[in-house]
Amino acid sequence: MPHSDALRAFVSATLYSATPLALAALGGVLSERAGVVNIALEGLILTGAFVGVWAGAASPIFGLVAALVAGALLGLLHAFLTQRTRMDHVISGLGINLLAAGATRFLYLRLYPTGVQITGLPPQLFLILALILPFVVWLLLMRTRFGLRLRAVGENPESARMAGIAPGPLRYAAVTLSGVLGALAGAYLSMAEAHNFSSNMSAGKGYIALAAVIFGKWNPLGAAGGALFFGFFYALQTQLQMSDIHFNALGIDWTSPFLLDTLPYMMTLAALLTVIGRAAPPAALGKEENDR
Amino acid sequence: MTSSFASRMERFRSLLSVPIGLALAALLMAAAGYNIGEAFGPLWTGATGLEGGPAQAANQVGFGTLPFHLNLFLCSQALAKTTPLLFTGLAIALALRAGLFNIGAQGQMTVGALAAGVAGTWGQIGAISPVLHLMLVSLAGLAAGALWGALPGLLKASRGVHEVISTIMLNYIAVDVATYLVTHGLKDSHDQSPQTASITHSAELTPWVMGSNLTSGLLLALLATAVITLLIRRTSLGFQIRAVGLGAEAARANGIPVERTLVLTLALSGALAGFAGAVEVMGVQHRYMQGAAANYGFDGIAVALLGGLNGPGVALAAFFFGALASGATYMQTQSNVPAAVTVVVQAVIILLVGVRTLFRAGVSSLPAGALTDENDPSTPTVERPNPKHAPF
C-alpha cells in the first residue's frame, strides 16, 4: 500500500520536525509563565547542539548530559542578567544568541576543520520526551505549588512577594529549566537528526518555538500543539523537496527548494497574525518587580 | 545622584565593555590553543593598517624615522567595513529609540541590495547621466528596504505581532526569495553562480585607494548619521519616535499617533538598512550576490548599543567594529584564527552595555541614559522606557 506508506512517512516527518520545536517551546512556556521573555532559546538550541556533538563523540549519553548542563548554565546567565542586573530581556536574549552563535562557530572551526560525524542518539528517545514532557510541564505548572507560585510571579511579582513568594528564585529556576529544555532541542538536532554540527544549524527554530508558545497561548499542551502545527509545514517542505511534484504557476516555480524553505517562516507569520489579540501573555512578562 | 553623573558612569561602562570584550575573546582564543601574540598582531594591523618596518610599497606611508608605517590598503579596508555597519547600526538605533527591536536589518539589507543590483544593470539610464543612475540605484535600495521594514511595523501596529519574531522570519524569507530570484528570473546569464548580472560602470562608486573597497559610500553613511541625528533631535517625527520609545501609552494619551509612528520608524529603519545594501552593491560587490548582507544586520545591534543609540556614538562604534571586523578577516588569513571570534566580542559588549545596574540600589542604566540625551533640552527626562513586550 504505497499510499499508507507515504502517509506514515509524512506523519513521522511531522512528529520528528515538531520534536525540537516542542522541546524548546516548553522551555519558552516555563520561562515566560514566570515572566521572563526568552529570546535566548535560539542560542540555547545552538549551544545544546554544539556541546552534544563535542562532548558526545565518545559517549552519547555524556554528550547529552553535558549539553543539558551547558543549557542550564546559559539559562542561568539569562536569569542572572535579567533578574540581578535588570537587563532588558530582549537585549539579554539577543546577546546570548550572538554569544552562542559566535562561540559555537569559532570552536567548531577550531575543533573540526574538516567536519565531524558522531554516532549520536536514537531520535525516538527525543520523540518520546517530546510526547511526554508537555504533560509533565502542564502538571508542574498547573497542579503543583511550584507551578502556582511560578505563575503568580509571572502575573504580578509585587503581589506574589506580598503573599510571601520571592520572585527571584522562582524565575531563576524557571529560566534555568528553560535552558535545559532549549539545549535538549539542540541536542536532538545535532545528535539524533544530523549526527554532526553546522554553524547556525538552529536556523530560527528558537524563534519559531516562541511563536509556538504564543500560538499555544502560553499553555504547555497548546505550545506542543503549536510545535506540531509548525512541524507539519517543515514536513511538508521536506517531503515536497524529496518528491517529484512540481508546480509552476504565474511564471514562478513554487516547488523550488528556496521557496519551499520559506514555508515554516511564512506560516509562523500567518499563525501569529491569526492568534494575537485572542491570547493574553502573562501580565508581568518582560517586567521586573517595581518596574511599572 | 545627578543625571549627568549617571550618564558619565554609563559612558564609562560602555567604554569599559570594549576591553573586557576583547579580553574575553583573547581568553577564548587562548583556551582554543591559539597563540594570542601571533593572533593579535595581524588583528591590530588589519584593524588600523599600521605595520612594523619602514614603508616600501607605493601604498605604504612612512612616518619619518618611526619604525612602522601605514598600509593604506588595509586601513581603507577597515574604513570600508565601517560603511555598512554604520548604516545598520543607525537603522537599529533609530528603531530602538521608538522601543522597537529591528532584528530584521539583515533581510532589509538583502532586499535593498537585490533591488539595487537590478537597478544597477539599467545602463540606458547610466547613458543619460551617471549621477541619475546612482541616485536611482540608491532609491531602489532605500525603497525596497523601507517596504520590507514597514511590513513588521504594519504587523505590529495592526495585529500586535512582536517585531522580534516577525523581523527574524522576514530575514529568512528575504534571503530565500532573493536566492530564488537570482537562480531564476534575475540570474546572470553569463555565470553559473546565483547572482545578478554586473551593474554598469555608471552605477559604480570608485574606490579611493586602488583595489580597496573604500568609496564615497562612507561619506553617505556619515551624511545619513547627520540626517538621522537631526531627525531625532529636531523634527516632530523625531519627537514622536522618542515619546513612543519612552512609553507608548503615555504617548498615545498625549495625542501622538503611536501606530503610525511605529510603522514609519520601522520603514525608515528598513530604508537605512536597504541603503546599506545598495551602497555595498555600488561600491563593493558591483552586483547582487548571495549573502550580500553578510552579517551586517546583526552586527548593527552591537554598533547601536555600544553607540548609546545616538548618532555620533553610533558612528564611533561603527568605526570600532569596522576595524575589528577588518582586523579579524586579516587575522584569519594570517594566523588562521576564525574571524567568528569577533561575534563573541560583540555579544559580550551587548551584554555589558545592556546591564541596567550591577547593584540593586541602582545607578541608572545605559538604555535609559541613551534614550534621554543630556544635551538635548527637548528630551523628556522620564524613567527608562518599557519597550513594548506585549505578546511574548
Side-chain angles (χ1 to χ4, degrees), chain A residues 32 37-39 42 77 81 84-103 105-111 199 203-204 207-208 210-211 213-214 251-253 256 258-259 261-262 264-266 268-269 272-277 279-281 285-287 291-292, chain B residues 25 28-29 32-34 101 103 155 158-162 164-166 168-173 175-181 183-185 298 301-302 305 337-358 360 362 365 367 384 386-387 389-392:
Chain A
E32 305 226 328
V37 177
N38 205 345
I39 296 279
E42 181 79 4
L77 176 67
L81 290 172
R84 185 79 178 86
T85 80
R86 297 170 79 89
M87 187 183 295
D88 183 284
H89 298 190
V90 175
I91 292 181
S92 169
L94 289 174
I96 287 173
N97 287 349
L98 269 185
L99 188 65
R105 185 174 157 72
F106 173 82
L107 291 172
Y108 176 70
L109 291 173
R110 171 63 178 170
L111 295 169
S199 297
Y207 299 99
I208 294 182
L210 266 186
V213 173
I214 299 168
I252 296 169
D253 174 12
S256 141
F258 302 115
L259 292 187
D261 207 43
T262 63
Y265 307 123
M266 296 270 199
T268 302
L269 286 177
L272 290 178
L273 268 176
T274 56
V275 76
I276 284 171
L285 186 54
K287 292 173 183 143
D291 213 21
R292 283 168 282 186
Chain B
L28 178 66
M29 277 153 53
Y34 290 107
F101 287 92
I103 318 301
L155 292 178
S158 66
R159 307 284 309 173
V161 177
H162 197 288
V164 169
I165 297 184
S166 61
I168 290 268
M169 296 302 125
L170 287 167
N171 283 343
Y172 287 108
I173 294 171
V175 170
D176 280 332
V177 171
T179 307
Y180 169 78
L181 289 173
T183 49
H184 291 73
F298 295 100
I301 301 170
L305 288 173
V337 181
V341 74
T342 54
V343 180
V344 176
V345 180
Q346 284 177 7
V348 172
I349 289 176
I350 288 178
L351 291 176
L352 287 172
V353 171
V355 166
R356 285 173 67 188
T357 165
L358 285 172
R360 275 289 186 199
S365 64
R384 173 186 172 278
N386 259 317
H389 280 308
F392 254 119

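The sequence lines fix the lettering, A, B, ..., with proteins before strands; numbering per chain opens at 1.
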### Task
Let me know if A/L107 has heavy atoms under 4.5 Å from chain B in its side chain, its backbone, both or neither.
side chain

### Task
Tell me, for A/L111 versus chain B, whether the close heavy atoms (under 4.5 Å) come from the side chain, the backbone, both or neither.
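Contact with chain B involves no heavy atom of A/L111 at all.
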
### Task
Kindly determine whether B/V164 and A/V37 satisfy side chain to side chain contact (heavy atoms under 4.5 Å, CB included), including the steps that lead there.
CA-CA 11 Å; B/V164 169; A/V37 177; over 6 Å; no

### Task
Specify which of B/I168, B/V341, B/I103, B/I350 makes the most heavy-atom pairs with chain A at under 4.5 Å.
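Most heavy-atom pairs within the cutoff with chain A belong to B/I168.
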
How many angstroms lie between atom [atom1] of [X] and atom [atom2] of [Y], to the nearest 0.5 angstrom?
X: B/M169; Y: A/T262; atom1: CE; atom2: OG1; answer: 12.0 Å
X: A/L272; Y: B/I165; atom1: CG; atom2: CD1; answer: 5.5 Å
X: A/I91; Y: B/I301; atom1: CD1; atom2: CD1; answer: 9.5 Å

If every non-hydrogen atom of [X] is compared with every non-hydrogen atom of [Y], which pair is closest and at what distance?
X: A/F106; Y: B/A340; result: N-CB, 3.9 Å
X: B/D176; Y: A/F258; result: CB-O, 3.4 Å
X: B/V344; Y: A/A103; result: CG2-N, 3.5 Å
X: A/G95; Y: B/A347; result: O-CB, 3.4 Å
X: A/Y265; Y: B/I173; result: CB-CG1, 3.7 Å

### Pairs of heavy atoms under 4.5 Å with chain B: top-ranked of A/L99, A/L259, A/L109
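Top option by heavy-atom pairs under 4.5 Å: A/L259.
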
### Task
Determine the option with the most heavy-atom pairs under 4.5 angstrom with chain B, choosing from A/A211, A/A203, A/S92.
A/A203

### Query
What do the steps show when you test A/L98 against B/L351 for side chain to side chain contact (heavy atoms under 4.5 Å, CB included), and what is the final call?
CA-CA 10 Å; A/L98 269 185; B/L351 291 176; over 6 Å; no

### Working for side chain to side chain contact (heavy atoms under 4.5 Å, CB included), residues B/F101 and A/D88
CA-CA 11 Å; B/F101 287 92; A/D88 183 284; 3.6 Å; yes

### Query
Is chain A contacted by the side chain of B/T342, its backbone, both, or neither, given a heavy-atom distance below 4.5 Å?
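Contact with chain A: none, neither part.
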
### Message
Please determine whether the number of non-hydrogen atoms from other residues, nucleotides or ligands lying under 6.0 Å from atom CZ of A/R110 exceeds 12.
### Response
yes

